[in-house]
Amino acid sequence: MFLTMPDPSATTILEWYDRHARRLPWRMPPSRSRRGEYADPYHVWLSEVMLQQTTVVTVGPYFRKFLARWPRVEDLAAADLDQVLTEWAGLGYYARARNLHKCARLVCDDHGGRFPDTEVGLRELPGIGPYTAAAIAAIAFGRTATPVDGNIERVMARLFAVEAPMPDSKPVLKSHAVRLTPDDRAGDYAQAVMDLGATICTPRAPTCSLCPWQAGCRARAEGLTETLPRRTPKAPRPVRRAVAYWMTRRDGHVLLRRRPETGLLGGMMEVPSGPWAETPDFRDVPPVAADWRLLPGLVEHGFTHLQLELQVKAARIDGRTTLGGVWIPLEAFGDHALPTLTRKVVRHVMAHLGKGTR
DNA sequence: TATTCGTGGGT
DNA sequence: TACCCAAGAAT
């Protein structure tokens, strides 16, 4: 009978975690965390910010780079924002890098170099929202707190067969996660559920036969596993089009421009382009008169909320003009914070013009 | 409350 | 190909 279905418990998944926890650079292994040892708050904070909407595989190298260059929060606070942005380039969501730097300075200036050890205290720092505050409090300070990320939402939706669609069901999912949170080892519990979601209770084709909670999983009992969590359909993302202008001068330097500090790709370097216009009508108004040459093909880039299509035109122009940008030699592109969109444009140009800028 | 923030990998 | 999704936060 269904009445004998066991309730899922933190004990069950903590035992699983003790045997199967992933070894991650920022994580205290369960053999030690079980004894009340906690990972360095600086490491936990840095990793959690990087992990916001970003996969473990992607974050790994960035985490190592940052830690090698700035071993302590004081080192990061002493760095220039530009250095931080350059190291961050490619990770995306660049507001995180600005807030990271701002937060490091606040921790050093206002907290003596120590992170607040409570959820409420952490929540006041820039770039630390509900999830990250709870994660640091639990993982680095042993507080009883319940971070809820996408993994944990999915696991809870299945465990309790929550059929209401996200994001409306988020509060319900969180209440389930909170109810299961143990007073002791809350950090390990959260990391255990996240590991479970990442390796077993995956979005598609979960391997329920390996799941420590399989006996108590309502979605499994009702055959709903693959269909949960449900989600309200999202609006289609609009297409925008523009022309990017690849400008070179006689010595081969290229004109790049820094985007405004806030908003899309804030503070990142770009190949100057006209306004990103609605689909059918876009104007081609080159920034300077020159012998513009249209490169074949398009540079396409999808953001979360819009699809961008760039035509690229190239020309050699008078090296005395700057148009509010900076002349940069191709060899020095690596020293600058180039988001993927910019790198795509560079790659596109190289494919059609080659290094002899012509 | 709803948008606006990147990017890479999987299917 | 097109879509989904990933240790979310700020506005």
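None of these values were measured; they are calculated from a predicted model. Each chain gets a letter, A, B and so on, in the order the sequences are listed, and its residues count up from 1. Excluded from the calculations below are hydrogen atoms, water molecules and symmetry mates; all remaining heavy atoms, backbone and side chain alike, are included.
- Residues A:W26 and A:V44 fail the side-chain proximity criterion, which asks for heavy atoms closer than 4.5 Å.
- Residue whose closest nucleotide on DNA chain B sits further toward the 5' end, between A:L264 and A:V57: A:L264.
- As rounded to whole Å, 11 Å separates atom C1' of C:dA6 from atom CZ of A:R204.
- Dashed line: the shortest gap from a side-chain N or O of A:T132 to OP1 or OP2 of C:dG8 is not under 4.0 Å.
- When every heavy atom of A:L265 is checked against every heavy atom of A:F303, the shortest pair comes out as CD1-CZ, 4.0 Å.
- A cation-pi arrangement is absent between A:R185 and A:Y17, since the terminal nitrogen or guanidinium carbon is not both under 6.0 Å from the aromatic centre and inside a 45° cone about the axis.
- Taking atom P on both nucleotides, B:dG6 is separated from C:dT11 by 14 Å, rounded to a whole Å.
- With values rounded to the nearest 0.5 angstrom, A:R143 atom CZ is found 10.0 Å from A:Y38 atom OH.
- Note that the CH2 atom of A:W276 and the CZ atom of A:R241 stand 14.5 Å from one another [nearest 0.5 Å].
- Rounded to an integer number of Å, the gap from A:R231 CZ to C:dC5 C1' is 8 Å.
- The CD atom of A:E270 sits 13 Å away from the P atom of B:dC5 (whole-angstrom rounding).
- Crowding of A:D109 atom CG: a count of heavy atoms from other residues, nucleotides or ligands under 6.0 Å exceeding 12.
- Comparing A:K344 and A:D168 against DNA chain B, the residue whose closest nucleotide sits nearer the 5' end is A:D168.
- Side chain A:T54 to base B:dG8: no donor-acceptor pair is found below 3.5 Å.
- With rounding to whole Å, A:N99 atom CG is found 6 Å from C:dA10 atom P.
- With A:L125 as the partner, the side-chain contact (heavy atoms from CB on, under 4.5 Å) test is satisfied by one option alone out of A:N99, A:L106, A:D110: A:L106.
- Under 4.0 Å is where a charged nitrogen must lie from a carboxylate oxygen, and between A:R258 and A:D82 at least one such pair does.
- Counting any heavy atom pair closer than 4.0 Å across all strands shown, A:G302 reaches a base atom.
- Distance from the side chain of A:P130 is smallest for C:dA9 among the nucleotides C:dA9, B:dG6, C:dA10.
- At a cut-off of 3.5 angstrom, the base of B:dG6 holds at least one donor-acceptor pair with the side chain of A:Y93.
- Side-chain proximity of A:R22 to C:dA6, B:dG6, C:dA7: nearest is C:dA7.
- A cation-pi arrangement is absent between A:R114 and A:W45 under the rule of less than 6.0 angstrom and at most 45 degrees off the ring axis.
- The interatomic distance linking A:L100 (CG) with C:dA9 (C1') rounds to 13 Å, in whole Å.
- Checked against C:dA10, C:dA9, B:dT4, the side chain of A:H305 finds its nearest nucleotide in B:dT4.
- When all heavy atoms are compared, the tightest approach of A:E300 to A:Q307 is OE1-NE2, 3.9 Å.
- Of all nucleotides listed (C:dA9, B:dT7, C:dC5), B:dT7 comes nearest to the side chain of A:L341.
- Distances shorter than 4.0 Å separate some side-chain N or O of A:R343 from OP1 or OP2 on B:dG8.
- For A:T340, taking side-chain heavy atoms from C-beta onward, the closest of the listed nucleotides B:dG8, C:dG8, B:dG6 is B:dG8.
- Rounded to an integer number of Å, the gap from CG of A:L91 to P of B:dC5 is 18 Å.
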Dot-bracket notation for DNA chain B, counting Watson-Crick and G-U pairs under 3.5 Å, with | for partners on another strand: .||||.|||||
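- Atom name P, nucleotides C:dA7 and B:dC5: the rounded distance is 23 Å, in whole Å.
- Residues from residues 136-164 of chain A that place a heavy atom under 4.0 Å from any atom of DNA chain C, listed by number: A:D149, A:G150, A:N151, A:R154.
- To the nearest 0.5 Å, atom CZ of residue A:R154 and atom CG of residue A:L196 are 9.0 Å apart.
- If you measure from atom NZ of A:K170 to atom C1' of B:dT1, you get 14 Å, rounded to the nearest angstrom.
- Note on A:Y94: a side-chain N or O is less than 4.0 Å away from OP1 or OP2 of B:dT7.
- Non-hydrogen atoms lying under 4.0 Å from DNA chain C are contributed by A:E48, A:L51, all within residues 38-51 of chain A.
- Between A:D188 and A:R34 there is no salt bridge, since none of the side-chain N atoms of the basic residue sits less than 4.0 Å from a carboxylate O of the acidic one.
- With DNA chain C read from its 5' end, the first of the two nearest nucleotides for A:R123 and A:L24 is the one closest to A:L24.
- Here the straight-line distance linking atom SG of A:C208 with atom CZ of A:R158 works out to 7.0 Å at 0.5 Å rounding.
- Taking atom CD of residue A:E300 and atom C1' of nucleotide C:dT1, one finds them 11 Å apart after rounding to whole Å.
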Stepwise side chain to side chain donor-acceptor pair (under 3.5 Å) check, A:D75 with A:Y42: CA-CA 11 Å; A:D75 304 317; A:Y42 174 56; over 6 Å; no
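- In the set C:dA7, B:dT7, C:dC4, C:dA7 carries the atom at the smallest distance from any side-chain atom of A:W26.
- Residue A:Q53 places none of its side-chain N or O atoms closer than 4.0 Å to OP1 or OP2 of C:dA6.
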